[in-house]
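Down below is the structure, laid out as structure tokens.
Both counts, for ligands and for their atoms, begin at 1 and track the order of listing. The model shown is predicted, which means the values in this text are computed figures rather than measured ones.
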Amino acid sequence: MMFTYRLLGLALTLVTSVHASSHCSVEDLSNFISQNDNAEVLMAQSISSNGSFGEVGNVAYPKNATYLPSLCVATINVTSSPTSSYTFGVFLPDDWNQRFLAVGNGGFSGGINWYAMGTGVKYGFATISTSTGHNSTGQDMSWAIGNPETKADWAGRSLHGSTVLAKQIVEQYYGSAANKSYYSGCSTGGRQGVKSAQDHPEDFDGILAGAPAWMSTSQQLWQLKVGAINLPVDGPGYLPTALFSVISQEVLRQCDKSDGISDGIIMNPKHCNFRPEKLLCAPTPANQSACLTAPQISTLKQMYLPLIQFDADVNNLTYLYPNFGLGSELQMPASFGTNNEPSLYGTDYAKNYIFDDPDWDWRISFNYSTFVEAGRLNPGNVNADNFDLSGFHSRGGKLITYHGYADGLIPTDVSQVLYDETYMAMAQQGVNLDEFYRLFFVPGMQHCQGSVYDAPWYFGASDHASNLETNGQHKFPVPGVDDAKHDALLALVAWVEGGQEVDQLVATKYENDTVSNGVLRQRPICKYPGFASWDGEGDVNVASSWSCVGYDS
Ligand SMILES: *[C@@H]1O[C@H](CO)[C@@H](O)[C@H](O)[C@H]1NC(C)=O
Ligand SMILES: *[C@@H]1O[C@H](CO)[C@@H](O)[C@H](O)[C@H]1NC(C)=O
Ligand SMILES: *[C@@H]1O[C@H](CO)[C@@H](O)[C@H](O)[C@H]1NC(C)=O
Ligand SMILES: *[C@@H]1O[C@H](CO)[C@@H](O)[C@H](O)[C@H]1NC(C)=O
Ligand SMILES: *[C@@H]1O[C@H](CO)[C@@H](O)[C@H](O)[C@H]1NC(C)=O
Ligand SMILES: *[C@@H]1O[C@H](CO)[C@@H](O)[C@H](O)[C@H]1NC(C)=O
Ligand SMILES: *[C@@H]1O[C@H](CO)[C@@H](O)[C@H](O)[C@H]1NC(C)=O
Ligand SMILES: *[C@@H]1O[C@H](CO)[C@@H](O)[C@H](O)[C@H]1NC(C)=O
Ligand SMILES: *[C@@H]1O[C@H](CO)[C@@H](O)[C@H](O)[C@H]1NC(C)=O
């Protein structure tokens with residue numbers, strides 16, 4: 001099956017202009033930033049069309065960007081303090097769409113995300129990624145201990161600094177500044193995007209932020225908490241990984257039809273009254289591996305409860321953090337740890353990032369007040385909890401956030417809390433949040449990407465292209481249907497530059513995630529608080545059989 005790339009949105013033209021890459025040298029690029037005595041160009045080279053690029057030894061992002069358009073690649077090192085530095089990479093395409101794009105990072109990884117840059121540059125953006133200031137894989141936080149400056153780089157300083165410098169390079173290299181600047185990232189990358197809108201509103205005109213770990217300190221301690229709830233492994237309430245597919249099947253059995261259709265997709269988990277009790281083993285179960293004991297059901301119920309702190313002294317309840325959503329069961333075990341310990345995302349974070357104490361022991365020192373203390377310490381100013389987006393709003397910035405309903409690593413509700421808190425902060429200033437900030441929940445999508453039971457989830461967001469590659473060939477994000485209706489980044493550009501509001505996006509699922517197999521199903525995802533509703537007649541696998549409903553005006 002052949003697909004034609006439709007690069008042009010309805011009212012949007014991604015104009016590109018050809019530039020000779022005669023300035024692609026360390027010397028020229030160094031001159032472009034010579035007024036910054038804390039920055040050094042480490043490398044610059046031309047890549048010809050269909051070439052590839054990556055770094056041997058980049059433990060965070062080992063995958064090369066491939067199938068590149070002809071471009072100039074460079075790496076710049078920035079000294080951010082007497083004890084810290086970060087690097088960033090830049091792709092300057094010969095066919096430039098006159099726009100700038102920064103892509104985000106993931107987990108606690110440190111390194112330049114060349115692969116994601118490779119996706120961005122295919123649209124024609126001058127594209128950058130920051131290393132965030134250290135080298136590590138996603139769960140390795142050993143770099144953080146006793147390094148407040150490196151924490152500050154990871155938390156936000158490196159993305160801002162890289163963006164400011166890279167814009168200078170872009171302007172000098174092409175002879176004119178980028179008309180508009182964009183950002184795309186998920187998870188930690190989502191937090192980076194939200195934080196940028198809050199703290200550096202001038203950096204980007206449009207921000208696409210998925211599953212943002214915006215309340216970073218609480219997110220990591222929540223993972224410690226859910227892991228601890230499921231321990232010890234020899235306790236009566238322990239839920240082994242294998243049981244989660246049994247639980248997931250039961251959630252699906254009870255909830256799938258809450259949207260009128262049995263298709264493996266729970267369109268709105270909040271429309272289902274799930275009863276875990278139905279999983280209780282009979283006195284003599286036919287299959288002991290397909291049911292839960294009473295203590296196990298009690299553990300499971302805790303997974304669906306938000307963390308709330310009761311302070312008896314002042315008789316007060318404080319909402320600390322949301323809970324796993326219904327439908328996220330298949331990915332829940334990814335939030336737990338191994339060896340009778342909670343996830344390193346929680347324990348190593350507390351030791352290395354929050355308390356700088358390798359001996360900190362969750363079994364002794366972890367309780368609800370740890371959340372409050374971590375938020376107070378807020379190392380590196382990591383939390384993106386400044387809900388006043390008036391700076392971003394007044395410069396015309398647009399923010400799109402999205403979150404999978406089946407996310408088992410960051411609770412889906414954190415995106416709702418962020419939206420609602422920001423709504424309050426802006427409404428108090430007389431601003432309707434809908435003017436510039438839209439939130440999309442994605443039924444069946446797991447953490448940032450991938451879905452359970454064939455739910456459509458390709459819509460051009462962070463890392464969506466990587467699943468579709470064949471023979472190492474880096475693809476354009478939503479092959480066959482790449483326009484502002486199906487690709488969130490193009491939709492964002494159309495909103496920023498053409499005023500086309502983004503009310504819905506159409507998500508796509510390719511049969512077996514293989515583009516050449518063709519499209520299996522497409523379905524709209526709707527801006528919060530709406531949801532997609534079937535018309536009761538049309539083919540459920542076709543987007544036009546659905547519409548977005550659930551708005552109060
Ligand atoms: C691009 O490069 C790959 C090898 O990396 C090759 O298989 C393919 O044929 C090339 N495509 C074009 C259009 O040159
Ligand atoms: C990735 O790219 C680098 C340089 O661009 C190259 O040295 C390395 O061999 C490539 N790795 C793979 C797996 O192709
Ligand atoms: C981090 O990795 C990059 C390559 O990705 C390498 O150039 C640099 O030297 C490394 N830094 C440290 C401190 O290991
Ligand atoms: C970047 O510069 C710092 C000094 O400020 C140095 O310690 C570090 O090794 C440099 N990084 C690279 C990758 O050259
Ligand atoms: C960018 O701005 C220049 C100068 O105003 C204009 O000629 C060009 O069409 C703009 N490009 C895009 C893609 O909007
Ligand atoms: C028991 O249930 C488990 C989990 O659903 C399943 O994998 C297994 O095949 C079942 N065994 C039998 C004998 O039905
Ligand atoms: C009571 O709880 C709210 C949040 O639910 C919190 O903001 C407030 O600080 C708490 N008040 C006291 C006195 O603890
Ligand atoms: C929580 O733990 C801290 C030490 O980590 C301790 O000082 C505090 O008293 C504990 N709070 C409660 C309510 O147990
Ligand atoms: C997709 O995978 C399923 C299960 O492995 C298989 O039955 C089906 O034939 C595949 N479809 C295509 C078009 O390859």
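- Close contacts between ligand 5 and Asn179 involve ligand atoms 1 (C), 2 (O), 3 (C), 8 (C), 10 (C), 11 (N), 12 (C), 14 (O) [criterion: under 4.0 Å to a heavy atom].
- Between Pro477 and Asp482, some side-chain heavy-atom pair lies under the 4.5 Å cut-off.
- Contact check on Lys301 versus Glu277 returns a salt bridge, with a Lys/Arg side-chain nitrogen under 4.0 Å from an Asp/Glu carboxylate oxygen.
- The residues lining ligand 6, counting any heavy atom closer than 4.0 Å, are Val246, Asn287, Ser289, Ala290.
- Take Asp513 and apply the salt bridge (Lys or Arg N to Asp or Glu O under 4.0 Å) test, not counting sequence neighbours, and it matches Lys509.
- Some N or O of Asn77 is nearer than 3.5 Å to an N or O of ligand 4, by distance alone.
- When only interatomic distances are considered, the shortest N/O to N/O separation between Gln98 and ligand 5 falls below 3.5 Å.
- Listed by number with element, the atoms of ligand 5 under 4.0 Å from a non-hydrogen atom of Asn97 are 13 (C).
- For Thr79, a nitrogen or oxygen atom sits less than 3.5 Å from a nitrogen or oxygen atom of ligand 4, counting backbone and side chain alike.
- Heavy atoms of Arg99 found under 4.0 angstrom from ligand 5 belong exclusively to the side chain.
- Ser80 and Asp153 share a side-chain donor-acceptor pair at under 3.5 Å.
- For the 3.5 Å distance criterion, the side chains of Ser142 and Asp140 qualify, holding a donor opposite an acceptor.
- Ion pairing between Glu497 and Arg99 holds under the 4.0 Å rule for side-chain N and carboxylate O.
- Ring orientation note: the planes of Tyr173 and His23 are nearly perpendicular, at an angle over 60° on the 30°/60° scale.
- Geometrically, ligand 5 and Glu497 share no nitrogen or oxygen pair separated by less than 3.5 Å.
- A side-chain donor-acceptor contact under 3.5 Å links Gln192 and Tyr183.
- Environment of CD in Glu27: sparse, with no more than 12 heavy atoms of neighbouring residues, nucleotides or ligands closer than 6.0 Å.
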